[in-house]
Amino acid sequence: MPRRPTPIPSLLLLLLHSTSAQPPDPLSCVNCVGNGKKCIGDPSVQAINDEDCVLCLKSSSKWTWPCNVEGLCWCWDTSKPKFKPTVPSGLEVSTKKPCEVFTKKMFDEIAPNAVEPYTYEGLCDTIDMLNERYDEKLFQMGSVDQQKNEWAAFVGHTTHESAQYTAAREALFAHGRWSWGSGTYCKPCANENFDWADRYCEVSLVSNGQMYEEYCDKTVTPPFGCVCGPTTEVESNGNLAGLMNPNFVYFGRGALQLSWNANYLKASQVLAESADTLCSQPELVATDPTYAWGTALWFWNFNRPPGDETTCHIQSLTGSFGGSLNIINGGLECPAHPNSYHADAIVTRLRYYCIAATVIGVKRLLSFDGCDGLAQKFEDCNLSGMCPECNEWMMLAEVDSDMPTKMPSPLLPTQRPTIWRSWANEDWMSEIKRRDSSAVGLSNFLGLLTCLVTSYVLLGSNGGLECPAHPNNYHADAIVTRLPFPWFTATVTGVKGLLSFDRCDGLAQKFEDCNLSGICALAEVDSDMPT
């Protein structure tokens with residue numbers, strides 16, 4: 001939007017002040033001459049050729065395109081690789097390396113079924129490669145708490161996008177991959193023709209001479225995007241009928257499902273120092289750890305919303321999970337309306353984020369600001385019992401107006417569903433490695449003892465305050481917080497049922513209300529239990 005004209009005296013004072021108060025921008029093209037320096041364009045901001053930026057060598061041209069677009073032209077030191085620095089956070093570089101904060105043990109706990117190309121070693125190596133090039137380090141800026149916050153946000157998003165690091169390609173393409181001779185081919189399918197239960201598609205989008213051209217913006221050509229166009233089946237008859245060459249299309253691949261021909265070229269320029277690498281071999285993003293992780297890291301650290309100097313990296317460091325989601329999938333998941341097409345995807349994303357936050361050990365969840373409706377979706381998800389992995393954040397966090405994890409009020413008596421099918425991976429709940437799976441031996445006795453101390457002895461230890469356990473009791477929230485712990489201990493130790501809630505009047509009813517409201521949604525309803 002054009003600025004309102006400013007009176008000349010004020011403008012002069014402003015210029016004098018800015019000149020004396022601010023250090024020169026090292027990326028500015030003004031006086032970018034000599035010593036191997038060259039003013040060039042950044043096609044990730046706008047379509048531009050390097051020759052267009054010659055005009056910006058003169059300070060008098062700063063009000064003229066392309067010089068009036070912030071960051072569009074920049075000063076490149078030709079003695080260094082052609083990598084434009086990303087948006088700076090202004091934070092100090094931490095002495096703690098990224099993979100010292102996020103360990104192999106954490107990776108395995110969050111994604112126990114991860115498959116190639118999603119290796120922990122590949123992730124760490126790719127981060128180190130990028131951090132060597134740039135002053136703004138991935139997962140290494142600010143305090144250790146900020147490092148953990150960025151890791152939790154990144155892992156939460158990427159485990160959702162890749163089905164816990166088990167899917168290297170978009171589901172509608174990955175279901176039908178065939179190797180024939182020296183080539184690999186895929187069978188593209190429309191969502192309405194895809195059997196999600198059996199992972200099978202009868203009708204190919206390229207059969208009978210049909211053309212496929214999704215994720216292809218034909219108006220974007222080199223040097224701004226990979227060449228793309230209509231693609232059809234390899235053969236009209238025989239073994240390759242209905243199949244196409246995946247290296248001709250730019251569908252979602254990698255840990256953040258890189259898609260579209262323009263994004264493949266931009267990522268290739270940063271990761272491979274060549275636009276051609278991923279344009280000619282997009283399948284590398286699904287097979288090579290450097291590109292499977294690298295494309296996600298490129299998007300995380302470099303992709304900026306139009307007209308906004310921020311990234312997912314910056315959003316997570318400044319405290320906004322919602323802001324990072326808006327950059328990743330804002331057109332589909334933000335606003336986070338309950339009846340939107342991607343409502344289930346939002347639920348799954350929140351669950352993965354809570355798991356990552358718990359395992360990595362953040363002190364609090366990031367804000368959900370930046371994605372309209374996400375905070376309400378988080379609260380509804382917990383109240384309905386759909387996000388059991390997030391319960392502890394709602395129960396144990398301090399009640400703080402700035403935190404998205406405060407105890408909701410009022411409590412809604414909604415029944416937890418008996419079956420939950422994950423959007424990203426339908427076997428997700430059965431496959432995930434539980435952190436309590438190693439409890440053996442004397443733990444059964446310890447579990448009984450803990451339950452005894454927690455429930456039966458409650459009468460003697462705090463009976464005057466929490467017994468009777470009336471819903472409007474001053475200590476009602478304390479009772480709610482107490483209840484999950486005997487369940488958790490019982491689960492860890494393999495106890496068949498919780499002990500009775502007798503001798504603390506109203507405690508059994510409080511337990512039932514707590515489960516129905518979703519606040520204690522982790523306990524199973526069992527006829528042998530006191531509920």
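What you see is a predicted model, and the numbers here were worked out from it, not measured in a lab. Residue numbers run from 1 in the order of the sequence given.
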Practice prompt. List the steps, then state whether side chain to side chain contact (heavy atoms under 4.5 Å, CB included) holds for Asn303 with Ile327.
Written response: CA-CA 8 Å; Asn303 190 70; Ile327 294 173; 3.8 Å; yes
With distance as the sole test, does [X] use its side chain to make a donor-acceptor pair with the main-chain N or O of [Y] at under 3.5 Å?
X	Y	result
Lys84	Asp42	no
Thr232	Gln210	yes
Gln257	Gly254	yes
Glu214	Phe251	no
Asn263	Ser259	yes
Tyr264	Leu258	yes

Item to complete: In sequence, state the C-alpha distance, the side-chain angles, and the governing distance for Thr119 and Trp293, and then conclude on side-chain hydrogen bond (donor to acceptor under 3.5 Å, both in side chains).
Response: CA-CA 9 Å; Thr119 65; Trp293 291 119; 4.6 Å; no
Please examine the side chains of [Y] and [X], heavy atoms only from C-beta on, and report whether any two atoms are closer than 4.5 Å.
X	Y	value
Val220	Asn261	yes
Val155	Met106	no
Ser316	Leu366	yes
Thr158	Tyr165	yes
Leu278	Cys226	no
Pro98	Asn131	yes
Asn193	Glu202	no
Gln164	Tyr352	yes

Practice prompt. Kindly write out the residues that satisfy ring-ring contact (aromatic ring centres under 6.0 Å, His included) with Phe154, not counting sequence neighbours, or none if the list is empty.
Written response: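 If we apply the ring-ring contact (aromatic ring centres under 6.0 Å, His included) test to Phe154, skipping adjacent residues, the hits are Phe139, Trp300.
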Discussion item. Test of understanding: with salt bridge (charged side-chain N to carboxylate O under 4.0 Å, His left out), list the residues that count as partners of Lys97, not counting sequence neighbours.
Written reply: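 Lys97 satisfies salt bridge (charged side-chain N to carboxylate O under 4.0 Å, His left out) with no residue once adjacent residues are dropped.
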Fill in: Polar side chain donor-acceptor pair, Glu233 to Ser207, under 3.5 angstrom
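Result is no, nothing qualifies.
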Item to complete: Classify the side-chain pair Asn239/Glu235 by whether it contains a donor and acceptor separated by less than 3.5 Å.
Response: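 Note: Asn239 and Glu235 side chains miss the donor-acceptor criterion.
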Item to complete: Give the ring-plane orientation class for Phe321 versus His157, where under 30° counts as parallel, over 60° as perpendicular and anything between as tilted.
Response: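 Answer is parallel, since the angle falls under 30°.
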Heavy-atom pair of closest approach, residues [X] and [Y]:
X	Y	value
Asn149	Arg364	OD1-O, 3.9 Å
Phe102	Ile110	CE1-CD1, 4.0 Å
Thr159	Gly156	OG1-O, 3.2 Å
Arg253	Tyr250	NH1-CA, 4.0 Å
Leu265	Phe224	CD2-C, 4.1 Å
Cys387	Asn391	O-OD1, 3.3 Å

Practice prompt. Run the numbers on Tyr134 and Phe302 for ring pair (Phe, Tyr, Trp, His ring centres under 6.0 Å), then give the verdict.
Written response: CA-CA 11 Å; Tyr134 300 103; Phe302 287 90; 5.1 Å; yes
Worksheet item: Please walk me through it: do Glu333 and Lys377 pass salt bridge (Lys or Arg N to Asp or Glu O under 4.0 Å)?
Response: CA-CA 11 Å; Glu333 296 181 45; Lys377 187 69 178 178; over 6 Å; no
Worksheet item: Any chance CZ of Phe248 has more than 12 other-residue heavy atoms, nucleotides or ligands included, within less than 6.0 Å?
Response: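 At most 12 heavy atoms, drawn from other residues, nucleotides or ligands, come within 6.0 Å of this atom.
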Worksheet item: Are more than 12 heavy atoms from other residues, nucleotides or ligands located less than 6.0 Å from atom CG of Asn191?
Response: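 Counting neighbours around CG of Asn191, more than 12 heavy atoms of other residues, nucleotides or ligands fall under 6.0 Å, so yes.
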Worksheet entry | Test log, rule side chain to side chain contact (heavy atoms under 4.5 Å, CB included), inputs Gln146 and Met141 | CA-CA 7 Å; Gln146 286 174 304; Met141 303 304 297; over 6 Å; no
Fill in: Thr310 and Gln315: CA distance, side-chain angles, deciding distance, side-chain hydrogen bond (donor to acceptor under 3.5 Å, both in side chains) verdict
CA-CA 7 Å; Thr310 190; Gln315 289 293 309; 3.0 Å; yes
Worksheet item: Taking only residues at least two apart or on different chains, which pairs with a member in residues 331-363 satisfy disulfide bond (SG atoms under 2.5 Å apart)?
Response: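 Checked against disulfide bond (SG atoms under 2.5 Å apart) - neighbours excluded - the pairs reaching residues 331-363 are Cys334-Cys371, Cys354-Cys390.
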Fill in: Lys105 to Tyr120 six-membered ring, cation-pi geometry met (6.0 Å, 45°)
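Here Lys105 fails the 6.0 Å and 45° test against Tyr120.
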Fill in: Salt-bridge present (Asp108, Lys104; N to O < 4.0 Å)
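Salt bridge: yes.
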Practice prompt. Could you walk me through whether Thr231 and Asn245 pass the side chain to side chain contact (heavy atoms under 4.5 Å, CB included) test, one step at a time?
Written response: CA-CA 8 Å; Thr231 302; Asn245 187 335; 5.9 Å; no
